[in-house]
A.B. asks: 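Here's a structure for you.
Lettering follows sequence order; numbering is per chain, from 1. Bear in mind that the values here come from a model prediction, so they are computed numbers and not experimental data.
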2 protein chains.
Amino acid sequence: MAQALDLAAAAGRAGEVPVGAVLVAGDGTVLATAANRTEIDRDPTAHAEMLVIREAARVRGDARLPDCELFVTLEPCAMCAAAIAFARLKRVTFAAYDPKGGAVEHGPRFFSQPTCHHRPEVIGGVEESAGAELLRQFFQTLR
Amino acid sequence: MAQALDLAAAAGRAGEVPVGAVLVAGDGTVLATAANRTEIDRDPTAHAEMLVIREAARVRGDARLPDCELFVTLEPCAMCAAAIAFARLKRVTFAAYDPKGGAVEHGPRFFSQPTCHHRPEVIGGVEESAGAELLRQFFQTLR
């Protein structure tokens, strides 16, 4: 999570919403790291979680990553939560909760829906204040 | 929708779940077309809708596409519905309903969630039987 927070901080300095993610294989290997790139890529789907899942699937040559754990500094949105389920990730650990856009503990609570066909283990609030503080500072600076 | 159905049929012949999508600008220009590529790309996020949104945003150089309409042969899942909202699409027209994995009229009903910050106009069931028949034939052949 420390690495994901560093990635998030760097993204914030570059004008991206500061969210970082690290995808780790079952043997502890880091398969992919990323921060949000929606601004620089002009890509509405370029959330940190999407980028690490796509990169890890590319590295592995497999759309399913059932041994893998995602560390991300913000509660995933519905797009990312569904991608996590499609990739069959084993576990998701996130820092800050996101009442406005989160889809794990808020809104659609995607993993609890009958239309969700894989439910990872979820651990929320790890380094919560560090993840939230990055976002608070970023949006305060924008104003 | 006819073009989206043709794309879906071709994808099914290539071993992909037969779903096709076309993204059309407000002036009628086709900005992007795609079918599912999750198998060939080994990418769990490579749904037809994601591919056309990403391609159109790249073509336009803008993550937001508020004049655009998406035509897709199957009700979008949660991942694609959230991407549609992030891209600020004006309208989504889909063919077949998807009770097992859809997120517009089923499951999380994403566009009705308080955590969804853009709700496009939605038209479901256009060429419904054609979209559904492609999927029925595809999964029947697999068995």
Side-chain angles (χ1 to χ4, degrees), chain A residues 16-17 36-47 49-66 68 75-89 97-118, chain B residues 16-17 36-47 49-66 68 75-89 97-118:
Chain A
E16 300 281 347
V17 175
N36 270 354
R37 295 180 57 89
T38 56
E39 296 298 324
I40 195 168
D41 286 356
R42 304 273 197 272
D43 178 352
T45 76
H47 286 191
E49 303 95 309
M50 301 294 280
L51 297 176
V52 295
I53 288 170
R54 294 180 60 210
E55 173 65 8
R58 194 191 62 75
V59 167
R60 282 275 186 87
D62 194 335
R64 296 187 176 185
L65 305 161
C68 292
E75 179 186 347
C77 74
M79 176 178 72
C80 296
I84 287 163
F86 291 139
R88 303 286 191 269
L89 299 191
Y97 290 87
D98 185 3
K100 286 188 185 166
V104 178
E105 304 290 345
H106 298 92
R109 290 175 169 75
F110 179 70
F111 298 132
S112 302
Q113 292 287 343
T115 52
C116 174
H117 305 297
H118 170 80
Chain B
E16 300 280 348
V17 175
N36 270 354
R37 295 180 58 88
T38 55
E39 296 297 326
I40 195 167
D41 287 354
R42 304 275 198 271
D43 178 351
T45 75
H47 286 191
E49 303 96 309
M50 301 293 281
L51 297 176
V52 295
I53 288 170
R54 295 180 60 210
E55 172 66 8
R58 194 191 62 75
V59 167
R60 282 273 187 88
D62 195 335
R64 295 186 177 187
L65 306 162
C68 293
E75 178 186 347
C77 73
M79 175 178 72
C80 295
I84 287 162
F86 290 138
R88 303 286 191 270
L89 299 191
Y97 290 88
D98 184 4
K100 286 186 185 168
V104 178
E105 304 290 344
H106 299 92
R109 290 174 169 76
F110 180 70
F111 298 131
S112 303
Q113 292 286 343
T115 52
C116 174
H117 305 296
H118 170 80

A.B. asks: How close do Thr115(B) and Gly102(A) get, counting heavy atoms only, and between which atoms?
C.D. replies: CG2-O, 3.8 Å

A.B. asks: I'd like to verify something: which residue of Met50(A), Arg58(A), His106(A) has the highest number of heavy-atom pairs under 4.5 Å with chain B?
C.D. replies: Met50(A)

A.B. asks: Is it the case that more than 12 heavy atoms not belonging to Arg64(A) sit under 6.0 Å from its CZ atom?
C.D. replies: no

A.B. asks: Restricting to non-hydrogen atoms, name the atom on His117(A) and the atom on Lys100(B) that form the minimum distance, rounded to 0.1 Å.
C.D. replies: NE2-O, 2.7 Å

A.B. asks: For a quick test of reading the model, state the closest non-hydrogen atom pair linking Thr45(B) to Ala83(A) and the distance between them.
C.D. replies: CG2-CB, 4.0 Å

A.B. asks: Who are the ring pair (Phe, Tyr, Trp, His ring centres under 6.0 Å) partners of Tyr97(B), not counting sequence neighbours?
C.D. replies: Phe94(B)

A.B. asks: If you tally heavy-atom pairs under 4.5 Å against chain A, which of Cys80(B), Ala57(B), Ala78(B) wins?
C.D. replies: Ala78(B)

A.B. asks: Would you mind telling me which of Gly101(B), Pro114(B), Ala85(B) has the largest number of heavy-atom pairs within less than 4.5 Å of chain A?
C.D. replies: Gly101(B)

A.B. asks: Chain B heavy atoms under 4.5 Å from Asp43(A): which part of the residue, side chain, backbone, both or neither?
C.D. replies: both

A.B. asks: Quick check for you: to the nearest 0.5 Å, what is the distance between Met79(A) atom CE and Ile53(B) atom CD1?
C.D. replies: 9.5 Å

A.B. asks: Looking at Ala82(B), Ala87(B), Gly61(B), Ala56(B), which one has more heavy-atom pairs under 4.5 Å with chain A than the rest?
C.D. replies: Gly61(B)

A.B. asks: Over all heavy atoms of both residues, which pair between Gly107(B) and Gln113(A) is shortest? Give the atoms and the distance, please.
C.D. replies: C-OE1, 3.2 Å

